[in-house]
A.B. asks: 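Let me begin by handing over the structure; questions about it come next.
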There are 2 protein chains.
Amino acid sequence: MALSLKQIEKISKALGDANRLRILQHISKKGGCGQCSEIQGLIDLTQPSISHHIKILIESGLIEPEKEGRNLKYTLNERLFKDYTASVTQLKF
Amino acid sequence: MALSLKQIEKISKALGDANRLRILQHISKKGGCGQCSEIQGLIDLTQPSISHHIKILIESGLIEPEKEGRNLKYTLNERLFKDYTASVTQLKF
DNA sequence: GTTATATATTTAAATATTTCAATATGTTTA
DNA sequence: TAAACATATTGAAATATTTAAATATATAAC
């Protein structure tokens, strides 16, 4: 599915930060991310900052939150990754 | 070729602006962009602002400047577009 | 129901980005 | 060489983003 220019802009912005890229990499590696405070070990930011970055990723649609028992789990929205890269390649939005 | 995290960050930032996306679309449509001041008709910004956006696109590597007789022509770096989308899909950088 | 743990929100400061006006540079043609 | 045109740079204001400290909320275990 082709995305709108606004969607491409929002997703690109979400991808335009080293910390958020690291979070995505981590989630990707784990196929989700059980205890999300793992990320605090990964990137050197306080908990509220990490929460803020995760919010931006969720709002872009790139990840989706899910309850996993007591904690939250975030999963990549692979459909949207595909639509994004296809749209960017074609520059049609 | 896999890009570095820093490269992905920079390219994503370059893509994270509606005006720059419109510039890219325009270049794409024309297969280059003869007189670049065409863009002033396209997006409602002053000449220096457009020049600034083009600079960011050049620094990201997404477009390349070339002399075309009297004026400048910008061409898409299709190789880099491909590498970018491949890297983002795999989240390996 | 209190405590502990995980995540979110609010507020404010620091930093970065976007934009324009003014000016500069570079190239071509007269 | 001067005039005309295309593009770039500088400086400053407006806006947006990133970050942390303090606090709030939500859920599970006790």
A.B. asks: If I take atom NZ in residue A:K55 and atom C1' in nucleotide C:dT9, what distance separates them, rounded to the nearest angstrom?
C.D. replies: 7 Å

A.B. asks: Find the distance B:I39:CD1 to D:dA6:C1' and express it as a whole number of Å.
C.D. replies: 13 Å

A.B. asks: For B:T85, check side chain to side chain donor-acceptor pair (under 3.5 Å) against everything at least two apart and list the hits.
C.D. replies: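 Scan of B:T85 (side chain to side chain donor-acceptor pair (under 3.5 Å), adjacent residues dropped) gives none.
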
A.B. asks: Considering residues at least two apart in sequence or located in another chain, which fulfil the side chain to side chain donor-acceptor pair (under 3.5 Å) criterion with B:T46?
C.D. replies: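 B:T46 satisfies side chain to side chain donor-acceptor pair (under 3.5 Å) with B:S49 only.
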
A.B. asks: Return a single string for nucleotides 12-27 of chain C, one symbol per nucleotide in 5' to 3' order, where B is base contact, S is sugar-phosphate-only contact and - is none, cutoff 4.0 angstrom on heavy atoms.
C.D. replies: -----SSBBBB----S

A.B. asks: Can you list everything that forms a side chain to side chain donor-acceptor pair (under 3.5 Å) with A:K6? Sequence neighbours excluded, please.
C.D. replies: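 Per chain and number, A:K6 pairs via side chain to side chain donor-acceptor pair (under 3.5 Å) with A:E9.
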
A.B. asks: In whole angstrom, what separates B:Q40's CD from D:dT7's C1'?
C.D. replies: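 Going from B:Q40 (CD) to D:dT7 (C1'), I get 10 Å.
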
A.B. asks: For B:I54 and D:dA8, what is the distance between atoms CD1 and P respectively, to the nearest whole Å?
C.D. replies: 7 Å

A.B. asks: With no hydrogens and no angle check, do the side chains of A:S12 and A:Y84 hold a donor and an acceptor under 3.5 Å apart?
C.D. replies: yes

A.B. asks: Between B:E9 (CD) and D:dT17 (P), how many Å, whole number?
C.D. replies: 15 Å

A.B. asks: Taking only residues two or more places apart in sequence or in another chain, which ones pass side chain to side chain contact (heavy atoms under 4.5 Å, CB included) with A:Q90?
C.D. replies: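 By the side chain to side chain contact (heavy atoms under 4.5 Å, CB included) rule, A:Q90 matches A:K92.
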
A.B. asks: In whole angstrom, give the distance that lies between atom CG of A:L57 and atom P of C:dA8.
C.D. replies: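 Atom-to-atom, A:L57 to C:dA8, this comes out as 12 Å.
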
A.B. asks: Roughly, in whole Å, what's the span from CD in B:E38 to P in D:dC5?
C.D. replies: 17 Å

A.B. asks: B:H53: what forms a side chain to side chain donor-acceptor pair (under 3.5 Å) with it, not counting sequence neighbours?
C.D. replies: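 With sequence neighbours excluded, B:H53 shows a side chain to side chain donor-acceptor pair (under 3.5 Å) to B:R20, given in chain and number order.
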
A.B. asks: Between atom CD in B:E66 and atom C1' in D:dA6, what is the gap in whole Å?
C.D. replies: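 Answer to the nearest Å: 17 Å.
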
